[in-house]
Amino acid sequence: MKTIILAAGEGSRMYSKLPKVLHKIAGKTLLEHVYNTSSQLKNNHIIVIYGHGGQQVKTQLSTFKINWMEQVQQLGTGHAVQQAKAEINDDDTVLILYGDVPLLKKSTIQKLLTNVNAKTLALLTVVLENPIGYGRIIRDSEFKVIKIVEQKDATVSELQINEANTGILAVEGKHLKNWLSQLSNNNSQQEYYLTDIIEMAVADGLQIKTSQPETVDEVLGVNNRQQLSYLERIYQLEQASILMNAGITLRDPARIDIRGEFSNLGQDIVIDINVIFEGKNSLGDNVIIGANTLIKDSVIEADVEILANCIIENAIVGKGSRVGPFARLRPQAELADNVHIGNFVEIKKSTIAAGSKINHLSYIGDSIIGSCVNIGAGTITCNYDGVNKFQTIIKDGAFIGSNSQLVAPVTIGKNATIGAGSAITKNAVANKLTLTRAKQITLDGWQRPIKKNH
Ligand code: UD1
Ligand code: CA
């Protein structure tokens with residue numbers, strides 16, 4: 001099987017420097033969506049016809065198994081498919097897809113493919129209330145498809161037809177190659193129309209077997225930013241529905257964005273509004289996620305509560321932990337079970353063992369923090385001298401007084417206490433109070449200055 005994805009068009013109505021197929025839905029390029037769906041079909045070789053912004057398209061999708069064919073000038077859909085002619089074997093089943101039609105479902109393609117054989121051409125059509133711009137499906141008195149007429153070439157009565165061509169079709173390689181060499185551009189747009197092969201197929205005695213997608217949205221293309229945003233919403237609502245079917249409560253399915261996938265989804269998760277998931281995430285049972293939170297490439301274990309307005313990236317949040325509101329977990333923040341991270345706390349490349357608390361206004365970077373440690377408000381690990389990064393180690397049960405600076409490399413011993421406001425530059429001994437603090441004084445004769453003319 002060969003799939004030819006047409007992706008050479010300019011997309012002028014996007015008004016963009018980016019080739020159209022590189023615009024994204026749910027964080028993935030349009031072309032990637034089409035590629036991913038077709039790569040799920042067995043024994044399928046994927047050919048992409050590229051043109052506009054070609055190098056950019058190839059670079060962006062360089063990790064995919066694609067046979068790239070350049071269409072230097074865009075002379076029509078038939079001309080686009082002609083570029084792949086040398087790659088088509090007689091006994092191939094050839095499927096034609098479009099790089100700017102991202103939501104087509106695998107099941108729709110499979111249904112289409114059941115209609116192809118040596119004597120049939122499979123065509124995906126759709127009935128539209130307003131088919132303006134689409135090629136129309138012309139049927140004879142026995143309801144057999146006899147040809148496709150493009151909008152610009154159609155007669156007034158043909159324009160009344162509501163059955164439209166999606167452009168998606170499948171046919172045997174031997175036939176396709178034969179017809180491709182017969183295409184002409186003798187039409188109103190002076191383009192080589194792929195749609196002309198329908199009439200040739202009928203002339204050669206083939207039957208045109210039509211099928212339809214489950215929903216019209218599946219075959220909608222992206223031509224402008226309005227359509228891009230429309231399909232984004234359709235896609236997101238579908239994702240939301242999948243989550244709800246898996247036993248997850250969404251406060252509003254219209255206000256969640258999933259730009260990636262879940263490696264694991266527990267039960268009875270509750271997700272408030274405006275939550276964004278990026279990359280690969282895992283959510284355990286009973287996780288609660290507050291409003292306006294971004295979670296990227298992270299593992300959130302069971303019974304975790306994330307309060308509103310958090311940013312969590314490449315982090316692990318252990319069972320029963322509580323994070324936020326307004327917390328930021330940066331890459332390699334690893335919280336064990338029952339850890340509390342409060343407001344305006346930033347954690348980077350640090351492990352925090354079970355039961356520890358960092359509740360207010362702190363920066364913890366490059367640190368190893370033991371269990372049941374209490375880090376007071378405003379504590380900062382000073383991990384950077386402008387050139388190098390250093391580690392802070394805080395052992396089990398330590399208590400760090402508020403507004404302390406721990407100048408790394410430094411170790412705070414087990415059950416040690418650091419007095420509030422200390423700048424700690426040397427290791428602090430276990431079980432003892434360590435503090436650096438100027439003595440408090442009171443000046444007896446001092447007077448507050450008084451404003452004149454007052
Ligand atoms: C085409 C069909 C029309 C159908 C419509 C569905 C033809 C002649 N017409 O219309 O019947 O209803 O799709 O959307 O096939 N492309 C290339 N190279 C080219 C021309 C196009 O790669 O030279 C690609 C475009 O990037 C796009 C796709 O083919 O992904 C369709 O092209 P577009 O111009 O949007 O389709 P129409 O010709 O309007
Ligand atoms: Ca066109």
Side-chain angles (χ1 to χ4, degrees), residues 3-14 16 18-23 29-35 38 47-54 57 66 68-85 95-104 121 123-128 130-138 145 147-154 158-159 161-169 171 176 179-180 183-201 208 210 212-213 216-224 227-228 231:
T3 296
I4 303 175
I5 303 176
L6 306 193
E10 182 180 11
S12 56
R13 281 180 285 156
M14 296 296 285
S16 176
L18 202 61
K20 180 164 73 175
V21 291
L22 292 187
H23 283 266
T29 64
L30 299 178
L31 186 51
E32 234 177 302
H33 281 273
V34 182
Y35 175 87
S38 50
I47 299 166
V48 173
I49 310 296
Y50 72 99
H52 271 278
V57 178
I66 290 174
W68 296 95
M69 294 281 148
E70 190 174 10
Q71 185 191 22
V72 179
Q73 270 187 298
Q74 281 75 56
L75 304 179
T77 50
H79 180 255
V81 176
Q82 278 172 349
Q83 309 312 305
K85 207 174 152 196
L95 169 69
I96 309 289
L97 300 178
Y98 293 74
D100 56 359
V101 178
L103 302 191
L104 186 70
L121 181 151
L123 182 66
L124 192 69
T125 72
V126 66
V127 175
L128 298 173
N130 178 13
I132 230 166
Y134 285 81
R136 305 299 206 284
I137 308 296
I138 312 296
V145 175
K147 61 176 177 174
I148 295 175
V149 176
E150 290 303 294
Q151 167 88 25
K152 288 182 180 154
D153 302 293
E158 284 167 341
L159 290 176
I161 296 170
N162 287 90
E163 189 181 9
N165 175 32
T166 64
I168 293 153
L169 59 86
V171 67
L176 181 62
W179 302 326
L180 284 176
L183 291 177
S184 83
N185 63 352
N186 185 15
N187 52 53
S188 67
Q189 301 187 80
Q190 286 167 18
E191 282 182 12
Y192 295 89
Y193 291 165
L194 182 64
T195 44
D196 285 350
I197 70 168
I198 302 300
E199 220 176 337
M200 296 177 191
I208 314 299
T210 57
Q212 284 73 40
V216 170
D217 298 327
E218 271 188 66
V219 295
L220 294 182
V222 173
N223 294 301
N224 57 38
Q227 289 166 341
L228 185 70
L231 291 186

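Count residues from 1 along the sequence. Each ligand, and each atom within it, is numbered from 1 in the order the structure gives.
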Handout entry: Thr195/Glu150 under side chain to side chain contact (heavy atoms under 4.5 Å, CB included): CA gap, chis, key distance, verdict
Key = CA-CA 8 Å; Thr195 44; Glu150 290 303 294; 3.5 Å; yes
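For ligand 1, one of its N or O atoms has an N or O atom of Asn165 under 3.5 Å away. Polar contact check, Gln73 against ligand 1: no nitrogen or oxygen pair lies under 3.5 Å apart. Taking only nitrogen or oxygen atoms, main chain and side chain alike, Ala80 does not reach within less than 3.5 Å of ligand 1. At a 3.5 angstrom cut-off on N or O pairs, Ile148 does not count as close to ligand 1. For a threshold of 3.5 Å applied to N or O pairs, the pair formed by Thr166 and ligand 1 contains no separation below that value. In terms of N/O distances under 3.5 Å, ligand 1 is approached by Glu150. For Gly135, a nitrogen or oxygen atom sits less than 3.5 Å from a nitrogen or oxygen atom of ligand 1, counting backbone and side chain alike.
The closest heavy-atom contact to atom 14 (O) of ligand 1, among the options Tyr134, Tyr192, Tyr193, Tyr98, comes from Tyr134.
Ligand 1 is never approached by Ala164 to a heavy-atom distance shorter than 4.0 Å. Ligand 1 has at least one atom lying under 4.0 Å from a heavy atom of Gly76. By the 4.0 Å heavy-atom criterion, Gln71 is counted among the residues contacting ligand 1. Ligand 1 lies less than 4.0 angstrom from a heavy atom belonging to Leu75.
Residues Leu121 and Ala201 approach most closely at CD1-CB, 4.2 Å, considering heavy atoms. In terms of heavy atoms, Val149 sits closest to Lys147 at CG2-CE, 3.9 Å.
Side-chain contact between Val57 and Thr29 is absent, with no heavy atoms from C-beta onward closer than 4.5 Å.
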